[in-house]
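I have placed the structure first, in the form of structure tokens, so that the comments after it can refer back to it.
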Amino acid sequence: MRTIRYSLLTVLAGLSLGLSAQVTIDINCRKPTTDIAPTMYGIFFEDINYGADGGLYAELVKNRSFEFPERLMGWQTAGPVSIVETSPFDRCPHALRMEAGYSAVENEGFFGMGFRSGAQYRLSVWARCSDGKPTDLKIELIDKQGLTAKAVAKGVLEISSADWQKYEVVLTSVSDCARGSLGLFHDGEAAVELDHVSLFPVDTWRGHTNGMRRDLVQALADLQPKVFRFPGGCVVEGNTLPTRYQWKNSVGPVENRPLNENRWLDAMPARRSPDYFQSLGLGFYEYFLLSEEIGAEPLPVLNAGMACEFVNDPTKEGDWLVPLDQLQPYIDDALDLIEFANGDPAKNEWARLRAEMGHPAPFNLKYLAIGNEQWGRWFAPRLKMFSDQIRAKYPHIKLIGTAGPSPEGEEYETMWSEMRELKADLVDEHYYHSVEWFLTHATRYDNFPRKGPKVFAGEYACHTTGISLSHNNYAATLAEAAFMTGLERNADVVRMATYAPLFAQAEGWQWCPDLIWFDSYRVARSASYYVQQMFSRNAGTHVLKTTLAGKPVAGLDGQNGLYASAALDRKAKVIIVKIVNTSSDRQSVLLNLTGLKGTRSVRSTLLLPPADEDSDNSVENPDHIVPSESILSLNFASDPIEIPARSFMVLRFKN
Ligand code: AHR
């Protein structure tokens with residue numbers, strides 16, 4: 001964020017030309033209308049767009065355990081090399097055998113491996129030599145440029161035991177490299193077998209082994225999210241029930257977590273990703289730990305006994321749907337998850353596993369979502385079975401149901417009435433819509449029923465040209481900001497909101513727009529990211545009534561495309577005003593703050609449009625659109641604020 005200090009005169013410059021007539025926004029600072037949930041602004045992570053393997057999860061080796069259906073996918077080989085079923089890990093049974101004599105293998109990583117000059121990389125491998133004859137394995141981190149290749153780091157491991165053992169070496173790269181690979185070379189008298197070939201930067205987030213990319217987690221931490229929904233999305237449902245996300249497979253020793261097909265492998269015909277599998281190296285333990293480390297409430301989503309309805313026929317029963325009398329194992333997964341997160345290691349095996357993995361203290365799980373975007377007649381009876389058992393045993397856990405994939409229509413209404421009947425605590429709503437929809441739905445919750453389940457806006461993003469073929473741009477970003485003022489105004493109903501999807505690999509994405517883009521060594525926070533950050537870091541604790549001519553400021557007739565909300569932060573003793581100007585004119589706004597007098601020092605954060613509104617930040621140009629900060633001195637009674645055309649402004653000042 002850029003910080004600028006400039007005078008009031010500069011801010012108020014241009015009061016004559018290109019400016020709409022001055023308007024007054026009334027804010028009642030005396031009497032808040034409702035509290036704002038501490039969980040109001042959060043993040044939603046799904047393993048889509050190579051968000052986990054190849055993204056947040058810092059592992060650089062693709063297909064490290066040779067479990068992909070094409071066993072050597074991601075690897076090139078030279079010499080006598082084969083796949084054998086001798087692995088010491090029963091759920092990942094395959095291993096690589098390099099015979100005596102010369103052989104070599106090379107792993108391409110995920111769209112290349114990124115190496116930084118001076119950075120350290122930890123290579124680890126499970127191995128054994130045949131006939132007890134020690135043999136050397138040479139290792140190279142390779143920089144490939146066109147047809148040339150040079151080693152940026154080298155090391156050697158002596159494989160000395162005929163029993164499977166873990167070997168490790170730390171290598172330091174001598175130069176930067178965006179599209180590197182890993183080479184393993186064997187030239188010995190005896191064969192060697194390898195499994196779980198793994199390469200991580202040493203400098204992961206908080207230095208964790210089996211860790212996450214520091215730059216990507218930093219981007220999350222900088223959002224200061226208060227709730228963290230994971231691991232999907234459709235990934236939770238799977239294309240089929242056997243390929244649904246199963247959390248129990250994602251915990252315990254990382255070498256023995258079984259591979260799963262990613263739901264997004266083949267989902268988007270224009271963006272097929274045949275090498276998209278889930279190693280589950282980034283699993284539920286890691287998600288819980290991440291939640292804790294970034295200060296967000298964990299919100300896991302579990303399969304409801306239904307595979308993804310988009311790719312199955314939800315009008316009739318089939319192998320995509322678990323019959324009610326066979327649902328108990330799915331419910332047990334939920335009950336066991338609560339123990340894994342919160343239980344006493346002395347009393348429960350899943351809690352004991354959590355402790356063995358390094359976290360004896362509970363993770364304090366409070367929220368659990370059952371199902372993702374479920375619709376039709378099958379969901380409610382299944383949710384009821386989950387909910388009866390969970391509530392009987394863990395009454396403090398808040399249960400989240402779903403309203404289906406669409407934010408309106410008959411299915412949506414039906415789902416809501418079922419969720420009300422089942423007394424879900426929150427209902428997960430998703431909106432992927434056009435700019436027009438976002439701009440005209442800022443009043444969506446103004447007349448929403450105040451009784452019954454609360455709303456979790458669990459996935460939303462505005463797009464200009466249709467999901468998956470779309471791209472991030474500023475026009476969509478501004479519409480999101482406008483819409484979010486409506487969420488905030490209705491914070492008594494909307495208790496959580498999380499944009500989606502979170503991450504996208506610049507070459508490997510399936511779905512767009514996305515909040516954070518990355519490649520093998522760079523990251524770009526989108527303009528939408530900054531909108532999320534401006535809301536999240538300025539959430540406040542209570543809503544202040546904010547009106548223009550007696551009506552909510554929601555782009556209504558006569559409001560010149562203005563949207564606004566205001567909040568009080570009781571702890572910090574500040575008032576926060578958010579104003580979005582969607583019009584093409586600068587707007588002069590006088591804030592009439594009931595209950596507040598005198599001059600204030602005001603911190604303003606401003607997001608301005610780029611010259612081309614169809615553009616956004618990219619890994620090549622990450623700072624194309626960034627907010628700037630300034631400090632103003634304002635007497636609200638007499639000093640209007642100029643809101644630039646097509647901008648989003650947040651003002652903060654002492655109460
Ligand atoms: O965020 C991408 C997908 O959009 C999610 O998996 C799904 O819940 C929604 O349809």
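Each ligand, and each atom within it, is numbered from 1 in the order the structure gives. Just so it is clear, the values below take in all heavy atoms, side chains as well, and ignore hydrogens, waters and symmetry mates. Start at 1 with the first residue, then count along the sequence.
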(request) Look at the aromatic rings of Tyr50 and Phe111 and report parallel, tilted or perpendicular, splitting at 30° and 60°. (result) perpendicular
(message) If the contact criterion is a heavy-atom separation under 4.0 Å, does Tyr499 count as touching ligand 1?
(response) no
(request) Check for a donor-acceptor pair, side chain of Glu309 on one end and backbone N or O of Trp375 on the other, with a separation under 3.5 Å. (result) yes
(message) With a cutoff of 4.0 Å, is Gly232 in contact with ligand 1, counting heavy atoms of the residue only?
(response) no
(request) Below 4.0 angstrom from a heavy atom of Glu373, which ligand 1 atoms are there? Numbered from 1 as shown, please. (result) 7 (C), 8 (O), 9 (C), 10 (O)
(message) Whether the Asp332 and Gln328 side chains hold a donor-acceptor pair (N or O, under 3.5 Å, no angle test) is what I'd like checked.
(response) yes
(request) Please work out whether the ring planes of Trp509 and Trp517 are parallel, tilted or perpendicular, with thresholds of 30° and 60°. (result) perpendicular
(request) Output yes when the distance from some N or O of ligand 1 to some N or O of Trp264 is under 3.5 Å, and no in every other case. (result) no
(message) With no hydrogens and no angle check, just 3.5 Å: does a side-chain donor-acceptor pair link Asp614 and His471?
(response) yes
(request) Give the numbers and elements of all ligand 1 atoms closer than 4.0 Å to a heavy atom of Glu46. (result) 1 (O), 2 (C), 3 (C), 5 (C), 6 (O)
(request) Flag this pair as yes if the NZ/CZ of Arg354 is under 6.0 angstrom from the six-membered ring centre of Phe340 and inside a 45 degree cone about the axis; otherwise no. (result) no
(request) Identify, for atom 8 (O) of ligand 1, the protein heavy atom at the shortest distance, and state residue, atom and that distance. (result) Glu459 OE2, 2.8 Å
(request) Using modelled atom types only, decide if a donor and an acceptor are shared between the side chain of Arg229 and the backbone of Gly42 within a distance under 3.5 Å. (result) no
(message) Please list, in number order, the atoms of ligand 1 under 4.0 Å from a heavy atom of Gly233.
(response) 5 (C), 6 (O), 8 (O)
(request) Consider every N or O of Trp511 and every N or O of ligand 1, then say whether any pair is closer than 3.5 Å. (result) no
(message) For ligand 1, which is the ligand I care about here, please tell me if Cys234 has any N or O atom under 3.5 Å from one of the ligand's N or O atoms.
(response) yes
(message) Applying a heavy-atom cut-off of 4.0 Å, say which part of Asn372 lies close to ligand 1: side chain, backbone, both or neither.
(response) side chain
(message) Cation-pi check for Trp511 against Arg271: NZ or CZ below 6.0 Å from the six-membered ring centre and within 45 degrees of the axis, yes or no?
(response) no
(message) Can you name the atoms of ligand 1, numbered from 1 with element, that are less than 4.0 Å from a heavy atom of Tyr432?
(response) 1 (O), 2 (C), 4 (O), 9 (C)
